[in-house]
Amino acid sequence: MVTDPVGDFLTRIRNAAANRAAEVSSPHSRLREEVARVLKEEGYAQSFRKEDNNLILVLSYAHRKPLITGIKNVSKPGLRIYRKATELPRPARGLGISIISTPEGVMSNRQARKRGLGGEVLGMVW
């Protein structure tokens, strides 16, 4: 059993990008699926699918290099990080995204700012 499912998922993505793997496999959960959806919407992943009880994320590459150059887990089970809409982190000076869990669902920091929503900062990708 994993105590931090989002942290585990982000670590799997970081390791796959470092090894230039095409896909990442992780046990399926609704929260992981929502994180994968945000990564797909922002262009860091080509697609994702559910097979049996696994979530398969297909990473995006440009010129044989992964678009994900860095990924960081922010909120942890022992220390949850919450931010207002005006205080949401902008990784890589706005070139990356933060993944935010808001009352209206999981979204990127850009979408949350447009809607004026704050929430738990799950991770950052650049």
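Atoms considered below: every heavy atom in the structure, side chains included; atoms not considered: hydrogens, waters and symmetry mates. Position 1 is the first residue of the sequence, and the numbers go up from there. Predicted model, so just to flag it, every value in this text is computed and none were measured.
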Minimum side-chain heavy-atom gap S75-V121 below 4.5 Å: no
For Y44 and W126 the tightest heavy-atom approach is OH-CA, 4.1 Å
Suppose clustering is done on Ile, Leu, Val, Met, Phe, Trp and Tyr with side-chain heavy atoms closer than 4.5 Å. Which residues sit in the same group as L117? M107
side-chain contact (heavy atoms from CB on, under 4.5 Å) against A18, all qualifying residues, sequence neighbours excluded: none
Taking all non-hydrogen atoms of both residues into account, name the closest pair between I100 and S108 and its distance. CG1-C, 4.3 Å
Point-to-point distance, once rounded to the nearest 0.5 Å, from CD of Q111 to CD1 of I97: 8.5 Å
Using salt bridge (charged side-chain N to carboxylate O under 4.0 Å, His left out) as the criterion, list what pairs up with R80, not counting sequence neighbours. E120
Do V2 and V6 land in one hydrophobic cluster if side-chain heavy atoms of ILVMFWY residues count as linked below 4.5 Å? no
In V35, V38, L39, the residue satisfying side-chain contact (heavy atoms from CB on, under 4.5 Å) with V125 is L39
If every non-hydrogen atom of G96 is compared with every non-hydrogen atom of A92, which pair is closest and at what distance? N-CB, 4.0 Å
Quick check: does any side chain N or O of S26 sit under 3.5 Å from a backbone N or O of F9, one acting as donor and the other as acceptor? no
So if you build clusters from Ile, Leu, Val, Met, Phe, Trp, Tyr with side-chain heavy-atom gaps below 4.5 Å, do Y82 and V106 land together? no
Sequence neighbours left out, what pairs pass side chain to side chain donor-acceptor pair (under 3.5 Å) with at least one residue falling in residues 47-60? E23-R49, R49-E51
Got a donor-acceptor contact below 3.5 angstrom from the Y61 side chain to the A17 backbone? no
Spatial distance of atom CZ (R37) from atom CD1 (I99) [nearest 0.5 Å]: 10.5 Å
At what distance, to the nearest 0.5 angstrom, does OG1 of T11 lie from CG of D4? 8.0 Å
Salt bridge (charged side-chain N to carboxylate O under 4.0 Å, His left out) with R90: which residues, sequence neighbours excluded? none
Any chain of hydrophobic side-chain contacts (each under 4.5 Å) joining L10 to I81? no
Shared hydrophobic cluster for L67 and I13 (ILVMFWY, side-chain gaps under 4.5 Å): yes
Which distance, rounded to the nearest 0.5 Å, do you find between the CG of N73 and the CG of L122? 8.0 Å
Is there a side-chain contact between P89 and M124 in this structure, where contact means two heavy atoms from C-beta onward sitting under 4.5 Å apart? yes
Could you tell me the separation between the CZ atom of R20 and the CG atom of L59, rounded to the nearest 0.5 Å? 12.5 Å
Backbone of I56 reached by a side-chain donor or acceptor of S25 within 3.5 Å: no
For D8, what residues pass the salt bridge (charged side-chain N to carboxylate O under 4.0 Å, His left out) criterion, not counting sequence neighbours? R12, R32
Interatomic distance, CG@L88 vs OG1@T102, rounded to 0.5 Å, equals 9.5 Å
